[in-house]
Amino acid sequence: MGNLHAGGYSANAALRWQESLPWLVAIAAFFLLPEFLNLGARILIFILFALSLDLIVGYAGIVTLGHAAFFGLGAYTAGILSARAGINDPLIQLVASGVTAGLLGVVTGAIILRTRGLALMMLTLAIGSICLEVANKASSLTGGADGLAGITIAPVLGQFRFDLYGKTSYLYCLAILFVCWWFVRRLVYSPFGASLAGIRENNLRMHAIGAPVYLRMLAVYAISAALAGFAGALLTQTSQFVGLNVVSFELSGEMLVMLILGGVGRIYGAFAGPAVYMIAQDQLAKQFPEYWYLGIGSLLVIVVLFAKGGVLGLVDRMVSRIGKGRRS
Amino acid sequence: MDDFLVSLVSIAFHGAAYGMVLYVISVGLSVTMGLMGFANLAHGVFAMAGGYVMISAMSSLGLPYPVALLVAFIAIAVVSLVLEMLLYSRLYGAGELDQVLFTIGLIFISVALARLAYGTLQQPVMLPDYLRGQFSMLGRDFPAFRVFLIAVSAVIVAGLWFGVERTSWGAMLRAAVDNRGMAQSVGINTRRLFMVTFAAGSGLAGLGGALGAEIIAIQPIYPFANLAYFLIVVSVGGMGTLRGPFVAALLIGITDTACKYWLPEFGAFLIYATTVGILLWRPAGLFGRTN
Amino acid sequence: MTIALETRNLRKQFGALTVADGIDFRLERGARHALIGPNGAGKTTFINLLTGGLRSNSGGIFLNGEEVTRLSQRARIRRGLGRTFQINTLFRSLTALDNVALAVAERRGVAWNLIGRANRHADVVSESRDLLTSLGLAQDADTRVSDLAYGKQRLVEIAIALGMKPSVLLLDEPAAGVPTMESRRILEVLDSLPQDLAILIIEHDMDLVFRFARQITVLSRGALLAEGTPDEISADHRVREVYLGERDV
């Protein structure tokens, strides 16, 4: 892929100054755009979701059409703990969501990773559809098509109450995203991350050097599922509602779209994609929903055909062109 | 007991009609996936577009129903041919992810265009009078339209099988699915073969969408809402075969109808679970070749 | 001499077609052994039986005295069986260093480290660099292998296998597709490999085979046809017949 964050044994894993930019922007937004904090929290949640997806799509090379299953399970776990069991502590819910989604990742991963290519893609789609079906029919637990309401969330660490303006939500999501980002970044630059790149590049050779390919894939699939579960829990906690759409195929597809628009397999594509997509959606989609999908669809086709690497790929190319201009 | 038998016959009948429609829509996808290795998630777009073309041809142009069906087939075949030449052909060698995203992009575009042109509501189908009533056979009444669906689909299936098994085009197609490199080296123009096959498969999807407009509602979310079913038909049946998707489509049509009738609380759960089971057992599908 | 790899009456059939017909074969420690035979003689099948990619119908395979007939591909690799591929099987968009380091890391058992930084695993990195240097690829360590000349890619192919420190190395046509100039370089590299490493090479380039091998086995229609030193083999009329016969077709 030849990008900045490909990892590996010859890559320099030290933090670069550019990597502080997303966090500076996020903190600046907190102070400068107080009326948009609820949207901001949603963006942070979807960045975390996209990050989890990037891990398996971009780094491990597993194309999935059902990643919303893990996000949805995380969202429902948090919601059900509160609405049905009265467990309202956000961090307990968060951990529980990550664990259940991670377990689902282990179980479904153990199934789907035995196959490859189209069969694998189909299995992710079928398993995602099963999860949606279960969420829809188990309405005594999930609220079914009406959604799960009656969720209350206790203050974070017993201190910070979730307020109407989204201040707590925003900072809470930012903190969780930061921790998860740190973990993902370490993972990408680790020997484990390097072996994922090896599996993506040449599965056959990884087998021939004695790597336990299946277990590695299963591990990263479960980790990715747990991260998506965290993101789902955050959505429940900040919106205090869970709808069926959190497990839908449309959401899985939309996340892939956001990730690809940002740039796949490069960590920060998962930041750029959802941020640009959701801000644009907030500004445009409500007035012109038809034109929004028309625009996104056309953009996708153009990106796939002409602009590999998404937004960040374009930035890379612009930077390298400017660099060349200076040197000559 | 007699009630049970009646419902059994009715389920088999409705399920078969549904399955036939699913097959006519999906068979093109099976061939393009097997031949070109292209994961065309946007295949349902052609089916939806076929439905809209038929409805418009009848309501705006006043064409009779059979002619409108034919127009749907031709229009979708032509449009898909253009798309194939301009866009699809660039991605034949590309990775799965690119193909998936490109075709999701096409779905988004088509959903938006359908909404702009027709609104979000489901389009009513004006069936001609002779297809509305009941049709009695062996002392039982059957809805005439379902009988018509099964009959027309059977004719299409027979024509298709004849075309693939008996014509020189079919021989080339089978050779290319079998071994593309070999087919090229014996002088088959695979580029042209792809174009014709893609257009024919998409045209059939358009025809299937138009035929089945009463069963699978024509509305903008069609390509998303039915994607899983089309893909299941192909992957369970086995890509690149004609027979596999046929069996799979009938199985799904009948199972789905039976589930809706007897076990509504399970929804489509059974279908998906069976799909998972079959793909684990045979990743290349029931009739697909494992290599 | 100790035996590094041995097969006893190894047999494999695909339906009615016998592709390995009771092969008795021995590869000694430190061997420079070539396996030749006309196309379709079953050379690649034999390699796949050895690595565990295919399962034999009967007979036994022994690696350093231990029976591995029923063991998985991975278990055989961990017991010291390394191989290269006839068609480049590389991590194309990774650097040459990463290509080798992946194998070294697997052998050293560090590849499950989720949090530590790969480039700080000095043992893995320096071993990989040393290995590349020993093959004359020092300058190419940080280049993506897809950007390397084809001949150098063939060397990386060998380097990955060496990264596993095998005791037996199976080379599947290491010079396939390489121009004569560069195949000399590959021969030099093969000559410089550790003396105690047992090497079995499949190769169509007879020039390379006769320069490299001290022992040659000829396979025809899944069965051993002849075995001996290069001089013995070039004098053997049965071998000539097999090769000439093929040329007539």
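Note that the structure is predicted; figures quoted are calculated from it, not measured. Quick note on labels: first sequence line is chain A, next is B, and so on, each numbered from 1.
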Can you tell which of [options] has the highest number of heavy-atom pairs within less than 4.5 Å of chain C?
options: A:H207, A:R186, A:R185; value: A:R186
options: A:L204, A:I223, A:V220, A:V188; value: A:L204
options: A:A208, A:P191, A:G8; value: A:P191
options: A:S195, A:A211, A:G193, A:A194; value: A:A211

Heavy-atom neighbours of [X] [atom1] exceed 12 at 6.0 Å:
X: C:K43; atom1: NZ; value: yes
X: C:R185; atom1: CZ; value: yes
X: C:Q13; atom1: CD; value: yes

Keeping the roles fixed (side chain from [X], backbone from [Y]), state whether a donor-acceptor pair exists under 3.5 Å.
X: A:R205; Y: C:T89; answer: yes
X: A:N202; Y: C:F91; answer: no
X: A:E201; Y: C:L90; answer: no

Practice task
Answer with side chain, backbone, both or neither: which region of C:E106 has an atom nearer than 4.5 Å to a non-hydrogen atom of chain A?
Solution key: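 Interface part for C:E106: side chain.
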Exercise for the section: Can you tell which part of C:R92 gets under 4.5 Å to a heavy atom of chain A, answering side chain, backbone, both or neither? Expected result: both
Problem - C:T95/A:Y9 under side chain to side chain contact (heavy atoms under 4.5 Å, CB included): CA gap, chis, key distance, verdict - result: CA-CA 9 Å; C:T95 63; A:Y9 291 88; over 6 Å; no
Using a heavy-atom cutoff of under 4.5 Å, enumerate the residues of [range] that contact chain A, numbered in order, or state 'none'.
range: residues 113-120 of chain C; result: C:N113, C:L114, C:I115, C:G116, C:R117, C:A118, C:N119
range: residues 123-134 of chain C; result: C:V124, C:V125
range: residues 157-173 of chain C; result: C:E157, C:I160, C:A161, C:M164

Handout entry: Interatomic distance, A:S10 atom OG to C:D142 atom CG [nearest 0.5 angstrom]
Key =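 Interatomic distance, A:S10 OG to C:D142 CG, rounded to 0.5 Å: 5.5 Å.
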Handout entry: Between CZ on residue C:R74 and CD1 on residue A:I209, distance to nearest 0.5 Å
Key =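 These two atoms lie 10.5 Å from each other.
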Problem - Those residues that, when tested against C:T69, pass side chain to side chain donor-acceptor pair (under 3.5 Å) (two or more places apart) - result: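 Here the qualifying residues are C:E67.
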Problem - Side chains of A:P212 and C:W112 in contact at under 4.5 Å (non-hydrogen atoms) - result: yes
